[in-house]
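Have a look at the structure below before the remarks.
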Protein chains: 2
Amino acid sequence: MDRRQRKTRGAIFQAFSSLLEMKRYSAITVQDIIDAADVGRSTFYAHFNTKEELLRAMCDDIFEHVFSAEVMREPEHDFSSADSFRDRITHILCHLQEKQHHIKGIFAGECGEIFMKYLREYLWEVFDRRLPEDGEIPRDYRLNHAVSAFAEGIRWWFGGHGEYTPEQISAFFFGTVDC
Amino acid sequence: MDRRQRKTRGAIFQAFSSLLEMKRYSAITVQDIIDAADVGRSTFYAHFNTKEELLRAMCDDIFEHVFSAEVMREPEHDFSSADSFRDRITHILCHLQEKQHHIKGIFAGECGEIFMKYLREYLWEVFDRRLPEDGEIPRDYRLNHAVSAFAEGIRWWFGGHGEYTPEQISAFFFGTVDC
DNA sequence: CTGATACAGAACACACTGTTCGTTACTTTG
DNA sequence: CAAAGTAACGAACAGTGTGTTCTGTATCAG
């Protein structure tokens with residue numbers, strides 16, 4: 001990738017991210033972004049067709065970092081042991097914490113929902129490998145339950161409870177849900 | 001309230017609701033709504049200052065129906081018995097099912113998030129009265145956990161699992177979470 | 001050095017928003 | 001039943017944001 005492209009892309013991400021901490025998503029205009037990023041209008045549209053696409057790209061960027069090493073690079077990992085599963089979960093939380101600065105703005109506003117949606121998709125995969133078959137309750141329901149509780153736990157964490165460590169959040173989760 | 005007002009308001013709600021089943025929220029314009037509702041432009045703005053306000057009004061409408069009899073009219077109800085709490089939850093599910101037709105469109109798209117946000121606010125109150133004090137895990141976390149799991153359970157229900165009865169959903173929930 | 005590629009910036013057509021106002025139709029009150 | 005009040009209509013309007021196009025300039029890779 002061209003150095004100019006990286007630079008521009010980074011500037012836009014940075015601008016958008018900090019704008020999100022001040023304004024709600026729908027109140028942010030493309031003009032705001034290109035002003036803050038200090039790039040030309042046509043340049044923005046050369047990178048992203050729409051504001052929404054930019055948001056999606058930012059989410060992908062984050063999740064690539066958070067999940068790549070954890071899940072993608074070891075697709076054969078079985079999560080058979082409860083301990084190893086718990087480790088994975090804690091790792092995910094650690095990586096999210098690293099990206100804290102980028103994520104906070106996204107979580108704050110209405111686009112937090114979009115972020116959550118993507119997050120849930122990734123988490124679904126992770127939990128899908130772990131959740132046991134048994135029970136009268138539909139597996140689908142239980143999977144949804146676990147993913148929802150964990151994802152919303154993360155949102156809770158970022159939304160004013162940053163004092164806890166990833167290990168603690170992990171402990172809270174496993175103390176409340178049975179996996 | 002004037003009959004004309006009611007009629008207009010109803011027509012707009014109806015139009016918006018059915019539009020939501022075909023299009024995503026942000027793709028729906030005020031023009032679309034007034035065309036579908038067959039009302040004048042100025043009339044729309046006499047009722048709602050913005051599309052967002054319309055959505056909020058619709059949500060309020062629904063929740064007033066779902067929660068009024070359950071919670072508001074008996075604010076002193078204590079939920080002390082596990083059974084009565086479970087009954088309340090089931091009642092809420094029943095009332096949601098009644099409003100199914102109006103809710104489906106809202107749930108579908110991105111504005112489902114707004115609906116969920118309101119839903120969570122109401123549920124928070126309900127669960128707040130029930131959740132015990134004890135435990136090492138912060139009460140706040142556990143409350144968030146229960147509310148999230150239940151709310152997302154409802155979304156799951158409306159999102160293609162309508163074959164289950166309110167009683168079953170209730171059973172699924174209480175079989176997964178400990179309240 | 002050179003061709004390719006990215007950026008700047010201005011101009012543009014287009015779409016949607018939210019407001020205003022004069023007119024018509026309906027509803028309530030006296 | 002009439003009169004006053006209120007809501008709806010619909011056209012016109014300015015304002016704002018979108019996404020595209022184009023020309024010229026700067027930067028990159030080989």
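Every chain is numbered from 1 and lettered A, B, ... according to where its sequence line falls, protein lines coming before strand lines. Bear in mind the structure is a predicted one, so any value in this text is a computation, not a measurement.
- For A:Asp35 and C:dA8, the CG to C1' distance is 13 Å, given to the nearest whole Å.
- Closest-nucleotide positions on DNA chain C for B:Arg3 and B:Asn49 were compared, and the one nearer the 5' end corresponds to B:Asn49.
- Distance CE (B:Met1) to P (C:dT27): 14 Å, rounded to an integer number of Å.
- The interatomic distance linking A:Gln5 (CD) with C:dA8 (P) rounds to 12 Å, in whole Å.
- When the P atom of C:dC7 is taken as reference, atom CD1 of A:Ile12 falls 8 Å away, rounded to whole Å.
- Whole-Å rounding puts the B:Asp32 CG to C:dT17 C1' distance at 13 Å.
- Checked against side-chain hydrogen bond (donor to acceptor under 3.5 Å, both in side chains), B:Thr29 has the following partners two or more places apart in sequence or in another chain: B:Asp32.
- C:dT17 atom P lies 13 Å from atom CD of B:Glu52, rounded to whole Å.
- From B:Thr90, atom OG1 reaches atom CZ of B:Phe85 across 10.0 Å, with rounding to the nearest 0.5 Å.
- Between B:Lys7 and B:Arg41, the residue whose closest nucleotide on DNA chain D is further toward the 5' end is B:Lys7.
- Between B:His145 and A:His145, the ring-plane angle classifies as perpendicular under the 30° and 60° cut-offs.
- With respect to the salt-bridge test (charged N to carboxylate O, under 4.0 angstrom), the residues A:Lys99 and A:Glu64 do not qualify.
- Nearest-nucleotide assignment on DNA chain C puts the 5′-proximal partner with A:Gly40, out of B:Val30 and A:Gly40.
- Distances shorter than 4.0 Å separate none of the side-chain N or O atoms of A:Ser42 from OP1 or OP2 on C:dA10.
- For A:Arg4 against C:dC7, no side-chain N or O and base N or O form a donor-acceptor pair under 3.5 Å.
- Each of B:Tyr164, B:Phe172, B:Phe173, B:Trp157 was scored for a ring pair (Phe, Tyr, Trp, His ring centres under 6.0 Å) with A:Tyr141, with one residue passing: B:Phe172.
- Salt bridge A:Lys104/A:Glu21: absent, no basic N to carboxylate O contact under 4.0 Å.
- Read 5' to 3', the first and last nucleotides of DNA chain D with an atom closer than 4.0 Å to a heavy atom of chain A are D:dG17 to D:dC28.
- Distances shorter than 4.0 Å separate some side-chain N or O of A:His47 from OP1 or OP2 on C:dC7.
- Residue order along DNA chain D, read from the 5' end via each residue's closest nucleotide, puts B:Asp38 first among B:Asp38 and A:Gln31.
- Atom CZ of A:Phe44 and atom P of C:dG9 are 16 Å apart (whole Å).
- With a 6.0 Å cutoff to the six-membered ring centre and a 45° limit on the axis angle, A:Lys51 counts as a cation-pi contact of A:Tyr25.
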